[in-house]
Engineer: 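Pasting in a structure now, in structure tokens, and then I'll have a few things to ask.
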Amino acid sequence: MIEVKIIRILKILIGAAGWVWMVIPVVFSGILNIGNGLGMLFFGCLFLWGVFQNKLIEKSTVHKWAKALRGILITGYAVFTLFFAFESALIVNAINATPPSDATLVILGCSVNGETPSQMLRLRIDAAEKFMKENPESKAVLSGGQGPGEDITEALCMYRELTARGISPDRLYMEEHSTSTRENVAFSKEIILRENLNTKVAVVSNNFHLYRASLSVKEAGLEFYSVSAFTPYPLLATYVMREYMGIIAQWVAG
């Protein structure tokens, strides 16, 4: 009985804390996507399961629907936990793919507010600047087209930021047509081959996104490395949850 009570308390605490973590980006940053939507559902159900755990156990001895619901909850959360652990290991492995000093960076675009980089894009620019200043042999392809609400391409935004920080323009190449990670890589590859750049590619993106980016790089026949950009902790859970769904979708799509 003590073990059951401890498990119940853990479900309630983890469910409540996780749900709040998923709501924070909505309240403070206006970010609502499949990541925090699914996360709120996941942690909300876990919280309710903890609250009504005793009643569900009691009813499952009498009603088939309660027994079936309990089985679905146990199986569903067990499967999710296994996928979570497996995909986390893949992401950590991609983050730790340390590039050589002369690697060609491919900086993946992210949203631009008018002509100003968004928070996530600025973090990628920060990571690229640090690597390029520490490794003067490296060059970079700035990859990203122009989307809704953007007055300039994401590539041009990155170019302006990096040159303003002292990175020489002759080390930068702009790819201004892509609209997805796969296009980022495919169109950047064309520039890499045309300009005879190093085919050892170090993708610059936020840490959670690097494994999925590695799939596109390997699909393009390039050698994958990574430069990891920091993700603010209040936003991390939302983007990680969204990324897990993206990874599964990419696996399914091949």
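The figures that follow rest on heavy atoms only: side chains count, while hydrogens, waters and symmetry mates do not.
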Engineer: Provide the full list of ring pair (Phe, Tyr, Trp, His ring centres under 6.0 Å) pairs with a residue in residues 156-177, sequence neighbours left out, each pair given once.
Structural biologist: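 Checked against ring pair (Phe, Tyr, Trp, His ring centres under 6.0 Å) - neighbours excluded - no pair reaches residues 156-177.
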Engineer: With a 4.0 Å cut-off, would you call Arg160 and Glu115 a salt bridge?
Structural biologist: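 Yes, Arg160 and Glu115 are salt-bridged.
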Engineer: Classify the ring geometry between Phe84 and Phe80 as parallel (under 30°), tilted (30 to 60°) or perpendicular (over 60°).
Structural biologist: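 Tilted, since the angle between the ring planes falls between 30° and 60°.
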Engineer: Does the ring center of Phe208 lie less than 6.0 Å from the ring center of Tyr244?
Structural biologist: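 Here the rings of Tyr244 and Phe208 have centres that are no less than 6.0 Å from each other.
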Engineer: Are Arg194 and Glu190 within salt-bridge range, i.e. N to O under 4.0 Å?
Structural biologist: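 Between Glu190 and Arg194 there is no salt bridge, as every charged N stays at least 4.0 Å from the carboxylate O atoms.
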Engineer: Other residues, nucleotides and ligands only: do more than 12 of their heavy atoms fall within 6.0 Å of CZ on Phe230?
Structural biologist: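 Yes, enclosed.
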Engineer: Just checking Lys133: does its NZ atom have more than 12 heavy atoms from other residues, nucleotides or ligands closer to it than 6.0 angstrom?
Structural biologist: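 Above 12, so yes.
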Engineer: For Glu150 and Val112, which heavy atoms make the closest approach, and how far apart are they?
Structural biologist: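 Distance-wise, the nearest heavy atoms are OE2-N, 2.9 Å.
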Engineer: Under the criterion side-chain contact (heavy atoms from CB on, under 4.5 Å), which of Leu13, Leu10, Ile14, Val51 is the partner of Leu46?
Structural biologist: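 It is Ile14; the other options fail the test.
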Engineer: Just checking, any donor-acceptor pair under 3.5 angstrom between side chains of Asn184 and Ser178?
Structural biologist: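 Judged by distance alone, the side chains do pair up.
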Engineer: Indicate the atoms forming the closest heavy-atom contact of Pro232 with Gln119, along with that distance.
Structural biologist: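 So the two residues come closest at CG-NE2, 3.4 Å.
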Engineer: Do Leu123 and Asp126 pass the side-chain contact (heavy atoms from CB on, under 4.5 Å) test, and can you show the C-alpha distance, the side-chain angles, and the key distance before you say yes or no?
Structural biologist: CA-CA 5 Å; Leu123 290 166; Asp126 291 343; 4.3 Å; yes
Engineer: Minimum heavy-atom separation for Phe43 to Trp19, with atom names?
Structural biologist: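 Taking every non-hydrogen atom into account, CB-N, 3.5 Å.
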Engineer: Looking at Ile34, I want to see if its CD1 is surrounded by more than 12 non-hydrogen atoms of other residues, nucleotides or ligands under 6.0 Å.
Structural biologist: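 Check fails, neighbour count at 12 or below.
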Engineer: Tell me whether the count of non-hydrogen atoms from other residues, nucleotides or ligands lying under 6.0 Å of NZ in Lys11 goes above 12.
Structural biologist: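 Atom NZ in Lys11 is packed in, count exceeds 12.
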Engineer: If you count every heavy atom of other residues, nucleotides or ligands that lies below 6.0 Å from Glu195 atom CD, does the total exceed 12?
Structural biologist: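 Yes, the 6.0 Å shell around CD holds more than 12 heavy atoms from other groups.
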Engineer: Less than 6.0 angstrom separating the ring centers of Tyr77 and Trp49, yes or no?
Structural biologist: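 Ring-ring flag for Tyr77/Trp49: true, centres closer than 6.0 Å.
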Engineer: Is there a side-chain contact between Ile31 and Tyr239, using heavy atoms and a 4.5 Å cut-off?
Structural biologist: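 Answer yes - side chains close enough.
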Engineer: Return the minimal non-hydrogen interatomic distance between Ser143 and Glu175, and the atom names on each side.
Structural biologist: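 Ser143 and Glu175 have their closest heavy atoms at OG-OE1, 2.5 Å.
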Engineer: Minimum heavy-atom separation for Pro117 and Ile125, please, with both atom names.
Structural biologist: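 Reported closest heavy-atom pair: CB-CD1, 4.2 Å.
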Engineer: For Lys59, give me all partners under side chain to side chain contact (heavy atoms under 4.5 Å, CB included), at least two apart in sequence or on another chain.
Structural biologist: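 Expected list: His63, Trp65, Ala66.
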